[in-house]
Novice: 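Let me give you the structure first, and then I'll get to my questions.
As the structure is a computational prediction, the values presented were derived from the model and not from experiment.
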Amino acid sequence: MNTYLLTISSPDGNLLKEEVTGLFLRGAEGDLAILAGHIPFVTTVKAGECKVEFPDASEKKGYTEGGLLVVSNEGTSLLSGTFRWE
């Protein structure tokens, strides 16, 4: 499965910077699924659950209080004021 670089950052620093297969969370306009090759865009993120899927089929869940999601050809960044892993 194709991967891309995902960075999750908060004021405390980078909480994740790894190759992933998917990111699932709630954007300003509804639920989002970011997979490799997604079209570049920027959106605000609403508070809620965030799920990250890895190439080995494992997943990790967390919670964001909201923030900014930037998807580009170089990778994806989630910038959150508050983020915590389950």
Side-chain angles (χ1 to χ4, degrees):
M1 186 170 242
N2 293 336
T3 65
Y4 62 93
L5 180 63
L6 172 63
T7 304
I8 299 176
S9 299
S10 76
D12 296 326
N14 286 342
L15 304 173
L16 178 83
K17 189 169 188 173
E18 290 186 44
E19 290 290 317
V20 302
T21 56
L23 171 66
F24 306 87
L25 70 168
R26 176 144 305 177
E29 301 296 319
D31 292 340
L32 296 170
I34 309 301
L35 304 174
H38 199 290
I39 187 169
F41 76 104
V42 176
T43 188
T44 55
V45 173
K46 291 188 174 183
E49 187 178 271
C50 172
K51 181 172 79 169
V52 178
E53 291 182 349
F54 297 92
D56 65 359
S58 67
E59 62 182 45
K60 194 170 185 179
K61 292 183 180 178
Y63 185 85
T64 179
E65 292 291 335
L68 183 70
L69 180 68
V70 179
V71 180
S72 73
N73 293 327
E74 291 76 37
T76 297
S77 296
L78 172 59
L79 309 170
S80 179
T82 302
F83 187 94
R84 69 178 185 275
W85 295 108
E86 280 188 353

Novice: Salt bridge (charged side-chain N to carboxylate O under 4.0 Å, His left out) for E59 and K51? Distances and angles first, verdict last.
Specialist: CA-CA 7 Å; E59 62 182 45; K51 181 172 79 169; 3.8 Å; yes
Novice: Shortest non-hydrogen contact from L78 to V45?
Specialist: CD1-CG2, 3.8 Å
Novice: Assign the ring pair F41 / H38 to parallel, tilted or perpendicular, where the plane angle (0 to 90°) is split at 30° and 60°.
Specialist: tilted
Novice: So do the side chains of I39 and V71 get within less than 4.5 Å of each other, counting heavy atoms only?
Specialist: no
Novice: Start with the C-alpha gap between I8 and V52, add the side-chain angles, then the distance that decides, and say whether side-chain contact (heavy atoms from CB on, under 4.5 Å) holds.
Specialist: CA-CA 10 Å; I8 299 176; V52 178; 4.1 Å; yes
Novice: Spell out, as yes or no, whether a donor-acceptor pair under 3.5 Å connects the side chain of T21 to the backbone of E53.
Specialist: yes
Novice: Do E65 and T82 have side-chain atoms, one donor and one acceptor, less than 3.5 Å apart?
Specialist: no
Novice: Flag yes if more than 12 heavy atoms outside E86 fall under 6.0 Å of its CD atom; otherwise flag no.
Specialist: yes
Novice: Does the side chain of L69 reach to within under 4.5 Å of the side chain of L23, using non-hydrogen atoms?
Specialist: yes
Novice: Can you see which heavy atom on E19 is nearest to which on F54, and at what distance?
Specialist: O-CD2, 4.0 Å
Novice: Are the side chain of Y4 and the backbone of I34 linked by a donor-acceptor contact shorter than 3.5 Å?
Specialist: yes
Novice: Taking S80 for the side chain and G66 for the main chain, is one N or O donor matched with an acceptor at less than 3.5 Å?
Specialist: yes
Novice: Flag the pair L25 / Y63 as yes when at least one side-chain heavy-atom distance between them is below 4.5 Å, and no otherwise.
Specialist: no
